[in-house]
Amino acid sequence: MTEIRYNPLLRDWTMVASNRHKRPNLPKTNCPFCPGSGKVPDDYEVLAYDNDFPALSQNPPTPDDVATNLYHVQPAYGKCEVILYSKEHTTSLPQLPVAHIRKLVDLWAERFQALSENPRHKYVFIFENRGPEVGVTMPHPHGQIYAYPYVPQKLRVELESFALHREETGHCLMCDINAEEQRIGIRMLDETEHFLAYIPFFTDYPYGAFISAKRHVGTMTEFTDEERTDLARILKRVTSGMDELFHREFPYMMAIHQSPVNQDGDAPDFHFHIEFYPPLQTETRLKYLASSETGAWAPCNPMAVEQTAPVLKAAIQTRKEANQHVDPLV
């Protein structure tokens with residue numbers, strides 16, 4: 001069964017994909033993403049790979065006959081891709097040189113552009129799940145892209161907030177958030193020529209970092225050559241600092257928020273940013289999304305970010321200084 005079902009309580013869709021329970025779970029051998037597996041080229045640097053167990057597809061099956069006047073069902077149309085960061089089985093994002101991460105940024109932009117050209121796609125979502133703590137089933141370093149046939153609710157709320165803030169103030173909401181975090185300073189993590197990194201005032205997670213473009217752009221396809229390299233630079237700095245924090249591979253969910261595609265009108269108020277959702281409170285203690293977070297959407301951050309941000313900032317600086325000896329682009 002593969003379909004999407006409408007939730008009338010939330011005015012949103014739920015993807016149903018029973019094929020995904022067949023995915024391999026942390027295999028020790030026969031990694032399909034490694035060169036020589038027969039599923040990928042014998043050599044590559046970064047690679048877009050069609051997901052073997054997609055929740056959305058270009059030729060979805062006919063939904064089950066379960067729809068009613070209240071409950072709507074649609075074919076699970078869309079696209080699910082895996083983005084392979086490196087041919088090396090154990091080399092994760094923060095371990096890659098900035099020049100290599102730049103190739104990843106270029107691939108993200110290329111795939112965003114290609115997927116946005118399909119008029120049935122409404123939101124192209126680039127993301128990474130890192131670590132078994134967030135449900136990763138393949139250890140080879142990779143991210144994913146979902147091209148949805150609708151705008152998911154969280155992104156829809158962001159769009160509404162951007163538009164409302166513009167109407168009320170005449171300003172971009174994310175530009176104002178950037179300025180506020182710079183003005184206050186204590187939650188700032190790092191800054192490059194074109195990007196800011198900080199743990200925002202309102203985040204749900206102790207180390208829930210944001211990376212935000214300084215320039216008001218909606219998608220990475222609008223970035224200049226210098227901005228693409230700078231994004232690679234700050235991605236390496238922030239994720240390296242996370243690994244430095246507890247001297248272990250730091251699990252996270254990384255979500256790249258960009259303008260929707262193929263809408264009746266454009267979204268000039270949307271502002272490119274990346275959100276990290278890392279579940280660690282300490283080296284061994286996880287923050288779980290329990291009843292309040294899941295049942296009421298009422299998040300509770302167990303740590304004040306004014307305390308956690310300076311700690312992560314120091315870790316980023318430590319790793320940045322170490323990386324500069326081997327990677328001049330850092």
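- If you check the side chains of His273 and Glu275, you find a donor sitting under 3.5 Å from an acceptor.
- Linking ILVMFWY side-chain heavy atoms closer than 4.5 Å, directly or via other members, places Ile234 and Val98 in two distinct hydrophobic clusters.
- Nearest heavy atoms, Ile126 versus Met220: CD1-CE, 4.4 Å.
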Query raised in the report: Does the side-chain contact (heavy atoms from CB on, under 4.5 Å) test come out yes or no for Val82 and Asp52, once each step is laid out?
Result: CA-CA 9 Å; Val82 175; Asp52 289 322; over 6 Å; no
Report task. Please test Met253 against Tyr205 for side-chain contact (heavy atoms from CB on, under 4.5 Å), starting from the C-alpha separation and ending with a verdict. Result -> CA-CA 11 Å; Met253 294 164 278; Tyr205 291 84; 4.0 Å; yes
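- Nearest heavy-atom pair, Val261 versus His121, reported as atom, atom and distance to 0.1 Å: CG2-O, 3.3 Å.
- Of the N and O atoms on the side chains of Thr14 and Arg5, not one donor lies less than 3.5 Å from an acceptor on the other residue.
- Listed for the Lys287 side chain is no donor-acceptor partner under 3.5 Å among the backbone atoms of Pro279.
- Relative ring orientation between His140 and His89 is described as perpendicular, the plane-to-plane angle rising above 60° on a 0-90° scale split at 30° and 60°.
- In this structure, CG on Asn301 lies 9.0 Å from CD1 on Ile199, to the nearest 0.5 angstrom.
- For the atom pair CG of Asp230 and CG of Leu329, the computed distance is 10.5 Å after rounding to the nearest 0.5 Å.
- A side chain to side chain donor-acceptor pair (under 3.5 Å) with Tyr198 holds for exactly one of Asp190, Asn178, Thr203; it is Asn178.
- Side-chain heavy atoms closer than 4.5 Å link hydrophobic residues (I, L, V, M, F, W, Y) into clusters, and following such links, possibly through other members, connects Phe162 to Leu196.
- With respect to the salt-bridge test (charged N to carboxylate O, under 4.0 angstrom), the residues Lys214 and Glu191 qualify.
- Using a distance-only test at 3.5 Å, with no hydrogens or angles considered, a donor-acceptor pair links the side chain of Lys122 to the main chain of Asn262.
- The hydrophobic clustering, which links ILVMFWY residues whose side-chain heavy atoms are closer than 4.5 Å, places Ile177 and Phe201 together.
- Gln153 places none of its side-chain heavy atoms less than 4.5 Å from the side chain of Arg11.
- Under a 3.5 Å cut-off, the side chain of Gln113 and the backbone N or O of Glu110 do not form any donor-acceptor pair.
- Counted within 6.0 Å of CZ on Phe246, heavy atoms from surrounding residues, nucleotides or ligands total more than 12; the atom is thus considered enclosed.
- Relative ring orientation between Trp13 and Tyr150 is described as tilted, the plane-to-plane angle lying within the 30° to 60° band.
- Of the candidates Glu244, Met242, Arg237, Glu244 is the only one forming a side chain to side chain contact (heavy atoms under 4.5 Å, CB included) with Arg319.
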Report task. In sequence, state the C-alpha distance, the side-chain angles, and the governing distance for Phe195 and Val238, and then conclude on side-chain contact (heavy atoms from CB on, under 4.5 Å). Result -> CA-CA 12 Å; Phe195 292 90; Val238 171; over 6 Å; no
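- Between Phe210 and Phe202, the distance from one ring center to the other falls under 6.0 angstrom.
- The shortest side-chain heavy-atom distance between Pro132 and Pro251 does not fall under the 4.5 Å cut-off.
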Report task. Assess whether side chain to side chain donor-acceptor pair (under 3.5 Å) is satisfied between Ser161 and Glu158, documenting all intermediate values. Result -> CA-CA 5 Å; Ser161 297; Glu158 281 194 3; over 6 Å; no
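- Two different hydrophobic clusters hold Ile274 and Met174 under the rule that ILVMFWY side chains link at heavy-atom gaps under 4.5 Å.
- The environment of Tyr71 atom OH is sparse: at most 12 non-hydrogen atoms of other residues, nucleotides or ligands sit within 6.0 angstrom.
- Listed here is the closest heavy atom pair of Arg156 and Val151: NH1-O, 3.4 Å.
- The line from CG of Leu189 to NZ of Lys313 is 8.0 Å long, rounded to the nearest 0.5 Å.
- Taken from CD in Gln58 to SG in Cys80, the straight-line distance is 9.5 Å, to the nearest 0.5 Å.
- Residues Met254 and Ile83 share a hydrophobic cluster, clusters being chains of Ile/Leu/Val/Met/Phe/Trp/Tyr side chains in contact below 4.5 Å.
- With contacts defined as side-chain heavy-atom distances shorter than 4.5 Å, the pair Pro60/Glu3 does not qualify.
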Query raised in the report: Going through the checks in order, is the salt bridge (Lys or Arg N to Asp or Glu O under 4.0 Å) test met by Arg102 and Asp225?
Result: CA-CA 10 Å; Arg102 165 60 197 267; Asp225 183 75; 2.8 Å; yes
Requested in this report: Decide yes or no on side-chain contact (heavy atoms from CB on, under 4.5 Å) for His271 and Leu173, but give the supporting numbers first.
Outcome: CA-CA 8 Å; His271 189 122; Leu173 176 56; over 6 Å; no
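- The environment of CZ in Arg285 is sparse: at most 12 heavy-atom neighbours from other residues, nucleotides or ligands sit within 6.0 Å.
- Between atom CZ of residue Phe33 and atom NE2 of residue His142 there is a gap of 5.0 Å, rounded to the nearest 0.5 Å.
- For the pair Arg130 (side chain) and Phe250 (backbone), a donor-acceptor distance under 3.5 Å is present.
- For Tyr146 and Phe125, the ring centers are positioned 6.0 Å apart or more.
- Inter-residue side-chain proximity for Ser240 and Asn323 is flagged as met; some heavy-atom pair is nearer than 4.5 Å.
- For the residue pair Thr229 and Glu226, no side-chain donor N or O sits within less than 3.5 Å of a side-chain acceptor on the partner.
- Of all heavy-atom pairs spanning Tyr44 and Ser86, the tightest one is OH-O, 3.2 Å.
- Heavy atoms only, all atoms of each residue included: Thr221 and Ala109 are closest at CG2-O, 3.6 Å.
- Distance check, rounded to the nearest 0.5 Å: CG of Leu312 to CZ of Phe276 gives 10.0 Å.
- Under a 3.5 Å cut-off, the side chain of Ser292 and the backbone N or O of Ala298 do form a donor-acceptor pair.
- Considering all non-hydrogen atoms of both residues, Pro63 and Pro75 come closest at CG-N, 3.5 Å.
- Within 6.0 Å of atom NZ in Lys154, more than 12 heavy atoms from other residues, nucleotides or ligands are found, so the atom counts as buried in its surroundings.
- A heavy-atom distance below 4.5 Å is found between the side chains of Thr2 and Pro61.
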Query - Trace of the ring-ring contact (aromatic ring centres under 6.0 Å, His included) decision for Phe223 with Phe272 - result: CA-CA 10 Å; Phe223 288 157; Phe272 176 95; 4.9 Å; yes
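- Annotation: Gln307, atom CD; neighbour count of heavy atoms from other residues, nucleotides and ligands within 6.0 Å does not exceed 12.
- For the pair Leu286/Leu280, a side-chain contact is recorded, criterion being any heavy-atom separation below 4.5 Å from C-beta on.
- Looking at Glu81 and Tyr49, their side chains never bring a donor and an acceptor atom within 3.5 Å of each other.
- When only modelled atom types and interatomic distance are considered, Glu128 and Tyr85 share a side-chain donor-acceptor pair under 3.5 Å.
- Contact of the Glu181 side chain with the Met188 side chain is registered, since non-hydrogen atoms from C-beta on lie closer than 4.5 Å.
- Within the 3.5 Å criterion, the main-chain N or O of Pro268 finds a donor-acceptor partner in the side chain of His216.
- Under the 4.5 Å side-chain criterion, counting only non-hydrogen atoms from C-beta, Thr91 is in contact with Leu96.
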